[in-house]
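Protein chains get the first letters and strands the later ones, always in sequence-line order, with residue 1 at the start of each. On a predicted model such as this, the values are computed, not experimentally measured, just so you know. Quick note: numbers below take in every heavy atom, side chains included, and nothing from hydrogens, waters or symmetry partners.
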Amino acid sequence: SQQGEEDPQALSIQEGENATMNCSYKTSINNLQWYRQNSGRGLVHLILIRSNEREKHSGRLRVTLDTSKKSSSLLITASRAADTASYFCATDEGIYNQGGKLIFGQGTELSVKP
Amino acid sequence: DAGVTQSPTHLIKTRGQQVTLRCSPKSGHDTVSWYQQALGQGPQFIFQYYEEEERQRGNFPDRFSGHQFPNYSSELNVNALLLGDSALYLCASSLGGGANEKLFFGSGTQLSVL
């Protein structure tokens, strides 16, 4: 079963606008990661936030983590057409983590129109 | 610095056949994870190899097996192919096993089972 659930499933915005994607998960975690995927090919790591962190920035990306609500959000500021892609959150299994298993959500499909 | 490479990029098989997919990790990485991604879904963890052993396994039948070689490259084997095995198979490499490091993904092998 899926650990992470992304919301919305699809998002369409204009260039220059901000895009916000949300992720919810079910169990305790050690960290949460966000990945990007273009056209069904390989995923690219964007950012990792650990369970004891609340916010992290990387360029135009801002990630928040609320472990009490078991949720995270990814904000992309000043979006560009090149940001068009699918975005996935991925979590480990916290205390149940026996190895390297990451559990991915179903993703948010972002479309940025020029 | 070569990233994660997978071969072949595309493959067409018929039901009941067997398939072998190959992966070379990013230079310096010693851990390989395999994921299956059905169309419109997030990647699903198959298993992870570290120090030539299967470290953790997802909810996949025994028809899915793997191997890691001393040079850290890896193979994924699927026997008795079913139509439902049609998917994008992604290989990801990391360092040191576990789920606390970001993954570097290859571009995937698109498997079609007819």
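- Listed by sequence position, B/Leu88, B/Leu90 are the residues of residues 75-93 of chain B in contact with chain A, using a 4.5 angstrom heavy-atom cutoff.
- Within a 6.0 Å radius of CD in B/Gln110, more than 12 heavy atoms belonging to other residues, nucleotides or ligands are found.
- Looking at A/Gln37, only its side chain comes within 4.5 Å of chain B, counting heavy atoms on both sides.
- Of all the heavy atoms in B/Gln56 and A/Lys101, the pair that sits closest is OE1-N, 3.0 Å.
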Query raised in the report: Under the side-chain contact (heavy atoms from CB on, under 4.5 Å) criterion, do B/Tyr35 and A/Leu43 qualify, and how do the steps go?
Result: CA-CA 11 Å; B/Tyr35 288 82; A/Leu43 282 76; over 6 Å; no
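- B/Tyr72 and B/Tyr49 fall into different hydrophobic clusters, where Ile, Leu, Val, Met, Phe, Trp and Tyr side chains are chained together by heavy-atom contacts under 4.5 Å.
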Can you give each donor-acceptor pair under 3.5 Å made by side-chain atoms of residues 56-63 of chain A, sequence neighbours left out, with the distance rounded to 0.1 Å?
{"residue": "A/Lys56", "atom": "NZ", "partner": "A/Leu48", "partner atom": "O", "Å": "2.9"}
{"residue": "A/His57", "atom": "NE2", "partner": "A/Glu55", "partner atom": "OE2", "Å": "2.7"}
{"residue": "A/Arg60", "atom": "NH1", "partner": "A/Thr77", "partner atom": "O", "Å": "2.9"}
{"residue": "A/Arg60", "atom": "NH1", "partner": "A/Ala78", "partner atom": "O", "Å": "3.3"}
{"residue": "A/Arg60", "atom": "NH1", "partner": "A/Asp83", "partner atom": "OD2", "Å": "3.0"}
{"residue": "A/Arg60", "atom": "NH2", "partner": "A/Asp83", "partner atom": "OD1", "Å": "2.9"}
{"residue": "A/Arg60", "atom": "NH2", "partner": "A/Asp83", "partner atom": "OD2", "Å": "3.2"}
{"residue": "A/Arg62", "atom": "NE", "partner": "A/Glu55", "partner atom": "OE2", "Å": "3.2"}
{"residue": "A/Arg62", "atom": "NH2", "partner": "A/Glu55", "partner atom": "OE1", "Å": "3.3"}

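- Heavy-atom distances place no part of B/Gln6 under 4.5 Å from chain A, backbone and side chain included.
- Residues B/Tyr50 and B/Phe47 do not share a hydrophobic cluster, clusters being chains of Ile/Leu/Val/Met/Phe/Trp/Tyr side chains in contact below 4.5 Å.
- Within a 6.0 Å sphere centred on CZ of A/Arg54, other residues, nucleotides and ligands contribute more than 12 heavy atoms.
- Here B/Val4 sits in one hydrophobic cluster together with B/Phe104; the rule is ILVMFWY side chains under 4.5 Å apart, joined directly or through other members.
- Distance alone, capped at 3.5 Å, places no donor-acceptor pair between the A/Tyr35 side chain and the B/Phe105 backbone.
- Criterion: ILVMFWY side-chain heavy atoms under 4.5 Å apart, direct or through other members. Under it, A/Leu102 and B/Phe45 are part of a common hydrophobic cluster.
- Annotation for A/Gln9: atom CD does not count as buried by contact number, only 12 or fewer foreign heavy atoms lying within 6.0 Å.
- Across all their heavy atoms, A/His45 and B/Lys102 have their closest contact at CD2-CB, 3.2 Å.
- Both A/Trp34 and A/Leu11 are members of a single hydrophobic cluster when ILVMFWY side chains are connected at heavy-atom separations under 4.5 Å.
- Side-chain atoms of B/Pro43 and A/Phe88, non-hydrogen and from C-beta on, do get closer than 4.5 Å to each other.
- The distance from atom CD of B/Glu101 to atom CG of A/Asn31, rounded to the nearest 0.5 Å, is 8.5 Å.
- Residues A/Val44 and A/Ile49 are members of separate hydrophobic clusters, defined by side-chain heavy-atom contacts under 4.5 angstrom among Ile, Leu, Val, Met, Phe, Trp and Tyr.
- Among the residues in residues 57-70 of chain B, none has a non-hydrogen atom closer than 4.5 angstrom to a non-hydrogen atom of chain A.
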